[in-house]
Amino acid sequence: MNKTTLTFYGGLNTIGGTIISLQYGDSRVIFDFGLVYNPQKNIFDGHIKLRRNALVRDYLKLGIIPNIDGIYSKDDLSNDSTIVAADGYSGNTAVLVSHLHLDHIGAMGLIDATIPVYMTEDSLRLYDTLDVIGEGVAGNRKYQTCHYNQSFAVGDISITPLQVDHDILGACAFHIETPDGAIIYTGDVRMHGSHPEWIEAFITKAKKLGFDAVIMEGTSIRSEEETPEDMLIANKELSEDTLTETLLPFKMADILTETKGLGVFNIYHRNIDRIHGILQAGKKSGRKVVFEAETAQLALTLMESKNFLVYESDELRHSSLSEWRQNLLNQIPAISYKEINENPNQYLVQNSYASSLELFDLHVEDGIYLHSDGVPLGPYDPAFENLDRILQLVGLEKIHMGTGGHATPQNLKYIVDKLDPAILIPLHSFYPERLKPKTGVQLLPQYGKSYVLSKGKLTEL
Ligand SMILES: [Zn+2]
Ligand SMILES: [Zn+2]
């Protein structure tokens, strides 16, 4: 008899790298397929070179991707590998991607090209642009689209993507159903973004579809000192000091209006809402926004906005231009540091960490550096101290002007309580055990173990 099993390969008590397989008979879906985010322990320290043609073998050896039969190409596996290659596997497999953060997609390019990898239409639009600007993931394959609220089948498994709000375009949760029952995988979610109503709609739709278990992210939940128990009481509201994606541009504009010199910002440009927010902050404070070429390309393609300039970096000045850069500059004027330096207080200029040395050319006296969730994100990343060193050298004051992509603990608990699943599986968290169900049971799975879904229960195989 066919049964439904869930196997957990990654992301249980790390931030990201969630890899789960749900199997019914010979049909199987795997979601997501990213890499754990941990700048301190990353074996690729900037010195060791990736072997582009041996990634699957190397990542398997390093334990970065899991040993799963039937998803890797025979050519990519080592000769002595015991893993069954994709062409030797008889089952029906698809990979689902909830959103395009690297901790969810980092390894999806390594899946054999014959296996479909699904992402939402919005995600694919974003991915195609990321690929153009050189930020696609390693590997060479095509991606399939799925659509919010539209079910599709992988063998006997039915999948329905449900839109959620997260700090990236195209994020979704998945409702996954087999003849034995259904589960919800939330992906990453937040309620302080531009669209909290999407979370409410997600909850309503999920409940309507029905489910036995919810697999839920718990990123924001920390130790008892940092997240005391009273912060884990369900609450839909945000505390007064929570900066929302919507409030952020106003806050930035206030600071920029008070600032006598140049405005500089550092964002993570997959958050298209933030690009929009920067343009708003520029407008409100009477400053022209200057994007680096890559972000300008995203804004042009995904927002159809042309209300900005392109920063003429050292690279743009001195290298022969790639086709997309040439196209971009045909549509959007570039501006040099010399022009900006004539009137620094009329500009809001992007400066990514990788381009920090551009700050040496800019007149940053009396200026401000708005750290708005670009890398490096925090002191746990060794690059954070390095950034401070550079800012100190040029004498530029940094302030944090961002808001995260993950729901606050109260909001997480609100979502859990509203969904009220019979089985709650918290993960994508350093403290998953602290996210408790309202009336159901909590399951903290173990790596590599399989659990059978039957009659509303999940039991170890
Ligand atoms: Zn994540
Ligand atoms: Zn994410």
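Every number for a ligand or one of its atoms is a count from 1 in the order of the listing.
Under the 6.0 Å distance and 45° angle rule, R28 counts as a cation-pi partner of Y89.
Ion pair K61/D58 not flagged as a salt bridge, since none of the NZ, NE, NH1 or NH2 atoms sits closer than 4.0 Å to an Asp/Glu carboxylate oxygen. Between R274 and D167, no side-chain nitrogen of the basic residue sits less than 4.0 Å from a carboxylate oxygen of the acidic one, so the salt-bridge criterion is not met.
For the pair N411 (side chain) and K236 (backbone), a donor-acceptor distance under 3.5 Å is present.
The Zn ion (ligand 1) has no N, O or S atom of H406 under 2.8 Å away, backbone or side chain. Taking 2.8 Å as the threshold, D103 does not count as a candidate ligand of the Zn ion (ligand 2), since none of its N, O or S atoms lies below it. Among the atoms of H104, no N, O or S atom is found under 2.8 Å from the Zn ion (ligand 2). Note on H99: not counted as a metal contact of the Zn ion (ligand 1), no N/O/S atom lying under 2.8 Å.
H101 contributes ND1 as its N, O or S atom closest to the Zn ion (ligand 2). The atom name of the N/O/S atom in D188 closest to the Zn ion (ligand 2) is OD2.
Taking the six-membered ring where the residue is Trp, W198 and H195 present parallel rings, their angle staying beneath 30° rather than reaching 60°.
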